K.L.:
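Please find one structure pasted underneath; my questions will follow.
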Amino acid sequence: MLEPVQTVKILQSNGETKAFKSGEIIFSQGEPAQLMYGIVTGNVNILVDDTVVETLESGDVFGIGALVHGDHRRSSTAMAQTDTQLVSLDHQHFLFAVQQSPIFALEVMKSYSDRLRCLRS
C-alpha cells in the first residue's frame with residue numbers, strides 16, 4: 001500500500017497546487033464540488049454545520065465524496081487551520097489517477113474508511 005505522502009505525490013503529478021492562509025475557507029458545505037484535495041503542508045479543519053468534526057494533516061486527502069456522489073454537493077466545509085499548501089484534482093484527473101494507479105484508489109478508500117471509523121468511535 002502507498003503511504004499518505006506517496007498518495008499526495010500522485011496528486012501533485014496530476015494536479016494543481018494552491019496555498020491557503022490560516023482561517024481561509026477551501027470549500028463550503030452545500031456548494032457544488034469540482035475538486036478533491038491532498039494536503040502537501042499544513043492542517044485543515046473539516047466542519048459540519050459549523051462544528052469541527054476532524055482535523056486533517058499533511059498527506060491526507062479530502063473532498064472526494066462530492067466528486068463521486070450524484071449531486072456533487074459538499075457535505076462539509078473545509079477550512080485551513082494553519083497556512084496550508086494543497087494540491088487539487090478535478091473529476092477528470094481524479095478518474096485518470098484511479099485508472100493509472102489502482103493503489104491510489106485503494107488508498108483513497110482506506111483514508112475515508114479510517115476517518116469514518118474515527119468519527120464513529
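Since the structure is predicted, the reported quantities are computational estimates derived from the model, not experimental observations.
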K.L.:
Could you tell me the separation between the OG1 atom of Thr55 and the CG atom of Leu47, rounded to the nearest 0.5 Å?
P.N.:
8.5 Å

K.L.:
Test of understanding: with side-chain contact (heavy atoms from CB on, under 4.5 Å), list the residues that count as partners of Gln100, not counting sequence neighbours.
P.N.:
Phe96

K.L.:
Are Phe62 and Ile25 joined in one hydrophobic group, where the rule is that I, L, V, M, F, W and Y side chains link up if heavy atoms are under 4.5 Å apart?
P.N.:
no

K.L.:
Where do Ala105 and Val98 come nearest, in terms of heavy atoms and distance?
P.N.:
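Heavy-atom minimum between the residues: CB-CG1, 3.7 Å.
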
K.L.:
If I take atom OH from residue Tyr37 and atom CG from residue Asp60, how far apart are they, to the nearest 0.5 angstrom?
P.N.:
15.5 Å

K.L.:
Would you find a donor on one side and an acceptor on the other, under 3.5 Å apart, between the side chain of Thr82 and the backbone of Ser22?
P.N.:
no

K.L.:
Looking only at atom types and distance, does a side-chain atom of Asp83 sit under 3.5 Å from a main-chain N or O of Lys21, one as donor and one as acceptor?
P.N.:
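Such a contact is absent between Asp83 side chain and Lys21 backbone.
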
K.L.:
Measuring from Asn43:CG to Glu54:CD, what's the distance to the nearest 0.5 Å?
P.N.:
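CD of Glu54 is found 12.0 Å from CG of Asn43.
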
K.L.:
Donor-acceptor pairs under 3.5 Å, side chain of residues 27-36 to any protein atom, not counting sequence neighbours: which ones?
P.N.:
unit_1: Gln29; atom_1: OE1; unit_2: Asp49; atom_2: N; d: 2.9
unit_1: Gln29; atom_1: NE2; unit_2: Asp49; atom_2: OD1; d: 3.1
unit_1: Glu31; atom_1: OE2; unit_2: Ser28; atom_2: N; d: 3.3

K.L.:
List in chain and number order the residues that pass side-chain hydrogen bond (donor to acceptor under 3.5 Å, both in side chains) with Asp90, two or more places apart in sequence or in another chain; answer none if no residue qualifies.
P.N.:
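Scan of Asp90 (side-chain hydrogen bond (donor to acceptor under 3.5 Å, both in side chains), adjacent residues dropped) gives His93.
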
K.L.:
List for me each residue that meets side-chain contact (heavy atoms from CB on, under 4.5 Å) alongside His72, sequence neighbours excluded, and say none if there are none.
P.N.:
none

K.L.:
In chain order, what residues pass the side-chain contact (heavy atoms from CB on, under 4.5 Å) check against Asp50, with sequence neighbours excluded?
P.N.:
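Checked Asp50 against side-chain contact (heavy atoms from CB on, under 4.5 Å); zero matches.
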
K.L.:
Please report the closest heavy-atom contact between Thr84 and Gly42, naming both atoms and the distance.
P.N.:
OG1-CA, 3.9 Å

K.L.:
Using the side chain to side chain contact (heavy atoms under 4.5 Å, CB included) rule, pick out the option among Ile26, Val52, Val44, Asn45 that qualifies with Met79.
P.N.:
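Passing option: Asn45.
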
K.L.:
Specify the closest pair of heavy atoms between Ser75 and Val48, including all atoms of both residues, with the distance to one decimal.
P.N.:
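Nearest pair, atom of Ser75 first, then Val48: O-CG2, 4.1 Å.
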
K.L.:
Do Leu106 and Met109 make a side-chain contact, defined as non-hydrogen atoms from C-beta onward lying under 4.5 Å apart?
P.N.:
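A side-chain contact exists here, since the closest heavy-atom pair is under 4.5 Å.
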
K.L.:
Kindly write out the residues that satisfy side-chain contact (heavy atoms from CB on, under 4.5 Å) with Thr41, not counting sequence neighbours, or none if the list is empty.
P.N.:
Gln85

